[in-house]
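Atom set for the values below is all heavy atoms of this structure, side chains included, hydrogens, waters and symmetry mates excluded. Sequence lines set the chain letters: A, B, ... in the order given, protein chains first and strands last, and positions in each chain run from 1.
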Amino acid sequence: MNLTGNDLIAIGFKPGKAIGIALDILAKDYATQESEKQLSLFKPVLENPSAFITHDKLSALAIELLKPLDNTIALADSGKSYEIYGADAIEQGALNQMATAMRLPVTVAGALMPDAHQGYGLPIGGVLATKNAVIPYGVGVDIGCRMCMTIYDIAPATLEAKREELKKMLMQNTMFGTATFKKPKDHPIFERKEFSELNIVRELKDRAWQQIGSSGGGNHFVEFGIVEILNPINEFNLQVGQYVALLSHSGSRGLGANIARHYTDIAMDVCKLPQEAKHLAWLDLDTEAGQEYWMAMNLAGDYASACHHQIHERMAIGLRETPLAMIENHHNFAWKEKDILGNEIIVHRKGATPAGKDVLGIIPGSMATPGFIVRGKGLAASINSASHGAGRQMSRTKAKQTILPGQVNKVLKEAGVELIGSGLDEAPMAYKNIHQVMDSQKDLVEVLGSFMPKIVRMCGDEKFQEVD
DNA sequence: ATGTTC
């Protein structure tokens, strides 16, 4: 049995690089020894590293152990208080992560949305306001991920009559997983100076060009459905009633993912935090890296928007219809906003929808449950935010292990939803009840309308397709 | 989320 990092911590190793070095040495030179012997090998090195700096096998570990301890930035003993919406249905892991985020010295305020669940660093559904600092993992990996809806002057009956045609349109005009368009459409975004001025971004341009207009995987989708406008007073001058609409959810593809990775690495290098907070490493906005990240993040957000617009443009051409209204909002991003006193704060919304006063947004449910068009109420305690969906109830792993294709197909059939692609990890049962989630955020947003999916396309999964 | 696991 090989030793693990935890075994080493048990004999006094501090979490960090030394553990990795020790495990490497074990694998390389002492793999055949019993674990007791392996442990007794390391104990003297830990006690007196100086005696081992010239050791033929253990010197690397000794040198690492002799390094002065990292200049770790201390967390506050107690965190600032923050509001939680829908606390009953939020897992402990997300609460713990939020509590840690509230102890950062740069944190000024926070809030947890009702769809919250555990993520990397800041929980998904976490909102964190900081002073002059941006946390790459507070934005998330899929920078600028967003919702976009186009409402058409088409009656629901037409959707039913033209189901096959609309399905074909989705198949031809959307790309999921690693698929991209053979002839990507050009877009003004490729003229942006960030593509030439930032080294990391320059390297990503070719792939961004290939991937524009594509949707990716995970919880991303493009779907036709029925919008029901419930409120006669709305920004779109739409009468109360039902309309066919197109809804898309996707982000900044490889561009954002690689920007996130690059600047997270830099942040974790320059901003050493205690183990439990290490993914919350920030970049000071006055530093070069901080300014670069801010520019790259904004580019990735605009790129995500461009992808949605191309999807909707292709579809509008197929439909030969002019949109009545378009609604768009992003949810993995950082914004410069003002607190109540007028001071600038950096608001990270990682899987949270901007919900400032009169700000419009879309909060999707699942593939077989409604989503909602909302108008923000601008509640200060929520830091002008709301949930970005129903939120996971079940991890992807658990969903794949426990949900059966037959169960999903039954739910889809009952809801009148046709599904192209997707895996069991995106099944409706893997998500919280959207109605309860909406109920938990009544003070945050006002519902203008609902959206019920009817023809849904997601990233394919062979196993699920086979049984289907 | 991600040519998915530096």
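Rounding to the nearest 0.5 Å places CD1 of A:I434 at 8.5 Å from OG of A:S366.
In terms of position on DNA chain B, the residue among A:T178 and A:D142 whose nearest nucleotide sits closer to the 5' end is A:D142.
Remark: P of B:dT5 and OH of A:Y120 are 9 Å apart, rounded to the nearest angstrom. Rounding to whole angstrom units, CG of residue A:N258 and C1' of B:dA1 are separated by 11 Å. Separating the NE2 atom of A:H262 from the C1' atom of B:dT2 is a distance of 17 Å, rounded to the nearest angstrom. Rounded to whole Å, the distance from CD on A:E203 to P on B:dT2 is 20 Å. Between the P atom of B:dT2 and the CG atom of A:D265 lies a distance of 18 Å, rounded to the nearest Å. Regarding A:I266, its CD1 atom lies at a distance of 18 Å from the P atom of B:dC6, rounded to whole Å. Atom P of nucleotide B:dC6 and atom NE2 of A:H279 are separated by 14 Å, given to the nearest angstrom. Taking atom CG of A:D425 as the reference point, atom P of B:dA1 lies 9 Å away to the nearest angstrom.
A donor atom on one side chain and an acceptor atom on the other are found under 3.5 Å apart for A:S214 and A:R253.
Residues satisfying the salt bridge (charged side-chain N to carboxylate O under 4.0 Å, His left out) test with A:D302, not counting sequence neighbours, are A:R192. Evaluation of the salt bridge (charged side-chain N to carboxylate O under 4.0 Å, His left out) rule for A:E91 yields no partner, not counting sequence neighbours.
OP1 or OP2 of B:dA1 lies within a sub-4.0 Å distance of a side-chain N or O belonging to A:N219. At B:dA1, none of the side-chain N or O atoms of A:R261 fall inside 4.0 Å of OP1 or OP2 (strictly under the cut-off). Using a 4.0 Å cut-off, some side-chain N or O of A:R253 falls inside it from OP1 or OP2 of B:dT2.
Judged by the 6.0 Å and 45° rule, A:K205 forms a cation-pi pair with A:F195.
Within 4.0 Å (heavy atoms only), A:G217 reaches sugar-phosphate atoms of the nucleic acid but no base atom. Contact annotation for A:G251: no contact, since no heavy-atom pair falls under 4.0 Å across all strands. At the heavy-atom level, A:Q211 lies under 4.0 Å from the strands shown only through sugar-phosphate atoms.
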